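Values reported hereafter were calculated over all heavy atoms of this structure, with side chains retained and with hydrogens, waters and symmetry mates removed. In what follows, every chain begins at residue 1, and chains take the letters A, B, ... in the order their sequences are listed. Just so we're clear, the structure is a prediction, and the values are computed from it rather than from any experiment.
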2 protein chains.
Amino acid sequence: MKRNQVTAQDVARHAGVSRVSVSRTFTPGASVSAKTRELVLKSAAELGYQVNHLARSLHSANSGIVALIASEVETPHRAEMLSVMTEVFQSAGKVTLLINTNGSDASVKDALMQAIRFRTETAVVLSGTPDQSIAEACQSNGIKLVLINRADEIENALHILPDNDSVGEIALNALLNAGCETIALANSDTQTASILARERSFLKAAQARGIAVRRCTSGLTTYESGLEIGTDLFSRGTRPDGVFCTTDLIACGVMDVARQRFGLQIPQDLSVIGFDDIAQAGWEAYQLTTFRQPIEKISQACLDWSLESGEEGGKIIIPVRLVLRESLRRPAL
Amino acid sequence: MKRNQVTAQDVARHAGVSRVSVSRTFTPGASVSAKTRELVLKSAAELGYQVNHLARSLHSANSGIVALIASEVETPHRAEMLSVMTEVFQSAGKVTLLINTNGSDASVKDALMQAIRFRTETAVVLSGTPDQSIAEACQSNGIKLVLINRADEIENALHILPDNDSVGEIALNALLNAGCETIALANSDTQTASILARERSFLKAAQARGIAVRRCTSGLTTYESGLEIGTDLFSRGTRPDGVFCTTDLIACGVMDVARQRFGLQIPQDLSVIGFDDIAQAGWEAYQLTTFRQPIEKISQACLDWSLESGEEGGKIIIPVRLVLRESLRRPAL
DNA sequence: CTAAATAATGTACACGTGTACATTTTGATG
DNA sequence: CATCAAAATGTACACGTGTACATTATTTAG
């Protein structure tokens, strides 16, 4: 019950050379005469031969495989992240295993187990937090661990996270500069490290100035939650005229419900700030002022660290930038 | 320069059993006593051992790897597709290699070469069209080929495409039922098989009824193209009051420019139909009537065929369904 | 042309795993 | 306890590749 595939042996026979000559032809820097290389390449092309990287990688140190572990892949921000990540890793000759951790809590562990089974060089965790035991299992199998937007510290892993602490101050300033007087914060109920950090820094900045903030949370980090939060915000109590949403999806929901159900004009009646700079934030219907993370830089940092030989982890704080659009009454300076 | 990893040998030593016993413990249906199995599992957990699937797969027929080949992964429809596909394949114990073919034409070929190198069981091509030579190379390496939304026929490959031919008739009827009198078609300039097919079937249906259709195309299949097309549609000639857009992204652009720049009300002044049913189509700001493909079914069909032992290809036409929302004046019956 | 140096090829083994076959252990039956 | 069947374990090899080492062919230096 063997699978039918073209092997180096087949090419060797077809080209009338030895099997090692085939191997050497496809090994950069190996010693083969121009003539036999020619023969081998021709036969390989004819037979449709490609080096079996699975076999190669059980001999050499590197498998050339990187695992991307993420949930909610269909979400705009995640999808962009994955797109850039795959591009960056591919341009370095790596190949990416996309492991979808939908829902289940245990699934991050399962995902990392898969990463081990396929002897991934690196595992980039974009959602969920691995516990120490599985992290150790990764490392004892020579797998480097990168955590994106995770607060929890894991020994020897690389942590990449946006500068959430400075976000609150910037957002608050922008809202105040826009002339907002009743400030609100819209967040999901998800206990994700990064959105909690944004919330915390916003509340802290407000407290430092003695400004009251109405905090309104609901559901998951989705557009639909934005609708709910918006409904709650505008139908009860004093209407806020400035909202910081921890996510663009939530912001879009808040904006839509503000306009459609409450007849509010943006930015005349309401200023909104989001986070992520998803494609829709730039759409005419929203023109949302939001924070952008340099996804390319994050991906590049992942790759660079992944290629390093060292073992020690680290922490990279990525600066974020406020992208000014029309959802603020007067652009902040 | 060996990589440090835990092997079955290590586990065997640690558990005081033979290496094969370890192998058998992780091979369903193999004969191991409960006692040694216990020992092995305990040691494996302690050492963080996971079976090396790369090594396993060069002995057995199946690698357990499936390749998803796509460009524009950050796009809503693609992202959803990938999300569902990975879920479906993962639930069957497979692992997915995401290969991003951004831009370059040759890159589909490169992607398939990667698929061969990693001895993928199946390669699902979501964008770009492979030529016959590389398709043959895949098959001589035992890789099954699935083409999604590709018109070109490839020997022994599975072709899955939506029922584009019936789309035109349905869309036209819906627009006419909504009372539209000046009909337009908005499309990108991309020569993608599926959107060309939709355009053709729409024009054909209109011609069969003697209805004139203004055809307006521009750029890539993006939101921004929608803006351009919309600008062109509403600033020159008779204003259409019904538009079929071959893609939701284009539809969103058309809707936005219609409202923001031309003050048109939807659906009072303009009825719009899209295709794909991306998440944004359901957002309050759009409420776009659009066609939905059963992505889960498509993915499942992929998986099923992938698991089949047979070699022969086939063609599956997937029915599409019109999702009625508020972008049509009067809902079609 | 010979000797030495270099390049090219061949041989043998290693990587980590699964499995056919042979062997040993266990358990059941008389 | 003896006998036999079944279960468990061990041995040896295979999967497709890379590479150290030995060997042969080719080039260079003298």
Side-chain angles (χ1 to χ4, degrees), chain A residues 1-40 44 47-65 116-121 140-143, chain B residues 1-40 44 47-65 116-121 140-143:
Chain A
M1 180 53 196
K2 271 302 303 165
R3 169 189 194 146
N4 204 20
Q5 56 176 184
V6 185
T7 79
Q9 191 62 260
D10 299 330
V11 178
R13 255 193 297 271
H14 188 271
V17 301
S18 85
R19 208 260 308 157
V20 268
S21 295
V22 179
S23 178
R24 284 197 248 261
T25 300
F26 292 101
T27 306
S31 168
V32 219
S33 74
K35 197 183 62 182
T36 58
R37 150 168 277 126
E38 206 62 33
L39 278 169
V40 168
L47 300 179
Y49 171 75
Q50 295 287 132
V51 178
N52 184 337
H53 274 51
L54 305 184
R56 166 182 277 180
S57 72
L58 93 148
H59 191 266
S60 71
N62 302 329
S63 66
I65 310 179
I116 297 178
R117 294 196 194 101
F118 286 90
R119 295 306 190 265
T120 290
E121 297 179 10
S140 52
N141 282 283
I143 295 182
Chain B
M1 179 54 195
K2 270 302 304 165
R3 170 190 193 145
N4 205 21
Q5 57 176 183
V6 185
T7 80
Q9 190 62 261
D10 298 329
V11 178
R13 256 192 297 271
H14 188 271
V17 301
S18 87
R19 207 258 310 155
V20 269
S21 296
V22 179
S23 179
R24 284 198 247 261
T25 300
F26 292 102
T27 306
S31 167
V32 220
S33 73
K35 197 182 64 184
T36 59
R37 152 168 277 125
E38 205 62 33
L39 278 169
V40 168
L47 300 178
Y49 171 76
Q50 295 287 133
V51 178
N52 185 337
H53 274 52
L54 306 183
R56 165 182 280 180
S57 71
L58 89 146
H59 191 267
S60 71
N62 301 331
S63 65
I65 310 180
I116 296 178
R117 294 196 195 102
F118 286 90
R119 294 307 189 265
T120 290
E121 297 179 11
S140 52
N141 282 283
I143 295 182

Polar atom pairs (N or O), protein with nucleotides 22-28 of chain C, under 3.5 Å:
none

Distance, rounded to the nearest Å, where [X] contributes [atom1] and [N] contributes [atom2]:
| X | N | atom1 | atom2 | result |
| --- | --- | --- | --- | --- |
| Arg56(B) | dC15(C) | CZ | C1' | 17 Å |
| Arg119(B) | dG16(D) | CZ | C1' | 8 Å |
| Leu58(A) | dC15(C) | CG | C1' | 4 Å |
| Tyr49(B) | dT17(C) | OH | C1' | 7 Å |
| His59(A) | dC15(C) | NE2 | C1' | 6 Å |
| Asn62(A) | dG18(D) | CG | C1' | 14 Å |
| Asn52(A) | dG18(D) | CG | P | 9 Å |
| Gln9(A) | dT11(C) | CD | P | 12 Å |

**Item:** Residue of the set Asn62(B), Asn141(B), Leu58(B) for which side-chain contact (heavy atoms from CB on, under 4.5 Å) holds with Arg119(B)
**Value:**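 One option only clears the test, and that one is Asn141(B).
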
**Request:** With sequence neighbours left out, write down each residue that passes side-chain hydrogen bond (donor to acceptor under 3.5 Å, both in side chains) with Glu121(B), or none if nothing qualifies.
**Result:**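 Testing Glu121(B) for side-chain hydrogen bond (donor to acceptor under 3.5 Å, both in side chains), a comparison that skips the adjacent residues, returns Lys94(B).
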
Quick check on [N]: is either OP1 or OP2 less than 4.0 Å from any side-chain nitrogen or oxygen of [X]?
| X | N | value |
| --- | --- | --- |
| Gln5(B) | dG16(C) | yes |
| Ser33(B) | dA7(D) | no |
| Thr36(A) | dT9(C) | yes |
| Ser21(A) | dA8(C) | no |

Close side-chain approach of [X] and [Y], heavy atoms under 4.5 Å:
| X | Y | answer |
| --- | --- | --- |
| Leu54(B) | Ser63(A) | yes |
| Asn52(A) | Gln5(A) | yes |
| Tyr49(B) | Asp10(B) | no |

**Prompt:** If you fit an axis to the five pairs at each end of the helix from dC1(C)-dG30(D) to dG30(C)-dC1(D), how big is the angle between those two axes, to 10 degrees?
**Reply:**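 Its terminal axes enclose an angle near 30°.
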
**Prompt:** If you look at every heavy atom in Leu47(A) and Ser140(B), which pair is closest and at what distance?
**Reply:**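 Of all heavy-atom pairs spanning Leu47(A) and Ser140(B), the closest is O-OG, 3.6 Å.
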
**For the student: nearest non-hydrogen atoms of Ile143(A) and Thr120(A), plus distance** =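 In terms of heavy atoms, the two residues are closest at CG1-O, 3.0 Å.
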
**Item:** Approximate separation, where rounding is to 0.5 Å, of Arg117(A) CZ and Arg56(B) CZ
**Value:**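 It comes to 8.5 Å.
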
**Item:** Test item: Ser57(B) side-chain N/O and His53(B) main-chain N/O as donor-acceptor pair under 3.5 Å
**Value:**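 Such a contact is found between Ser57(B) side chain and His53(B) backbone.
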
Hey, can you pull the donor-acceptor pairs under 3.5 Å for the side chains in residues 22-30 of chain B, sequence neighbours left out?
{"unit_1": "Thr25(B)", "atom_1": "OG1", "unit_2": "Ser21(B)", "atom_2": "O", "d": "2.7"}
{"unit_1": "Thr27(B)", "atom_1": "OG1", "unit_2": "Ser23(B)", "atom_2": "O", "d": "2.8"}

**Asked** For residues 11-19 of chain B, which residues have at least one heavy atom under 4.0 Å from DNA chain C?
**Response**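 Arg19(B), in order of number.
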
**Prompt:** Counting only non-hydrogen atoms, which of residues 22-31 of chain B are less than 4.0 Å from DNA chain D?
**Reply:**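 Correct list: Arg24(B), Ser31(B).
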
**Asked** At under 4.0 Å between heavy atoms, what does Val32(B) touch on the DNA or RNA strands: base, sugar-phosphate, or nothing?
**Response**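 Sugar-phosphate, backbone atoms only, no base.
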
**Item:** Nearest listed nucleotide, side chain of Val20(B), among dG16(C), dT17(D), dA12(D)
**Value:**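 Between dG16(C), dT17(D), dA12(D), the one nearest the side chain of Val20(B) would be dA12(D).
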
